[in-house]
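Letters A, B, ... mirror the listed sequences (proteins, then strands); counts begin at 1.
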Amino acid sequence: MIKNKLIQLDDVVVQQPGHIVSDMDGETVMLSVEIGKYYNLGDIGGSIWSEIQSPIPVRQLIANLMTKYAVDQEECEEHVLAFLEQLLEEGLVTKQ
Amino acid sequence: MKKEWKKPNLEVLNV
């Protein structure tokens, strides 16, 4: 089954402003004041969140993560795209 | 030394 992806490698993503972010024991937790929800992004999710502080192409984001983490490209792409789609669905990021 | 990769997941906390 082919699924239409919400985010592609050539998309540029950036954080939506208006969140309170804190580090708790190595994991990034976030309060969305506008939505009124708390989120736990975890360790890797926190790294991704830091990377998208300013607009960045998804392809570049993945390349940056691969320099820090022991992961192959295919797995990294699959995981990061799925995570970004979660963020997009919650209104935490925008794509350009 | 690269860090270990784990699949990132967005957890919505029930607060």
- prompt: What pair of heavy atoms forms the shortest contact from A:Gln15 to A:Gln53, and how long is it?
  reply: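 Taking every non-hydrogen atom into account, NE2-CA, 3.5 Å.
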
query: Shortest non-hydrogen contact from B:Pro8 to A:His79?
result: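 Heavy atoms only, the tightest pair is CD-CB, 3.8 Å.
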
- request: Determine, for A:Lys37 against A:Glu90, whether the closest basic-nitrogen to carboxylate-oxygen distance falls under 4.0 angstrom.
  value: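 A:Glu90 and A:Lys37: salt-bridged.
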
Engaged part of A:Ser47 at the chain B interface, taking heavy atoms whose separation is under 4.5 Å: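 Neither part; nothing is under 4.5 Å.
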
message: What part of A:Met30 gets within 4.5 angstrom of chain B, counting heavy atoms only: side chain, backbone, both, or neither?
response: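 Answer is neither: A:Met30 stays 4.5 Å or more from chain B.
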
- request: Count the heavy-atom pairs under 4.5 Å between each of A:Leu87, A:Val29, A:Asn40, A:Val71 and chain B, then report the option with the highest count.
  value: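 Greatest number of close heavy-atom pairs with chain B: A:Asn40.
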
task: Go through the steps for A:Leu41 and A:Val21 under the test side-chain contact (heavy atoms from CB on, under 4.5 Å), then give the verdict.
output: CA-CA 10 Å; A:Leu41 283 75; A:Val21 180; over 6 Å; no

task: For chain A, find which of B:Glu4, B:Glu11, B:Lys6 contributes the most heavy-atom pairs closer than 4.5 angstrom.
output: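 With the most close heavy-atom pairs to chain A, the winner is B:Glu11.
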
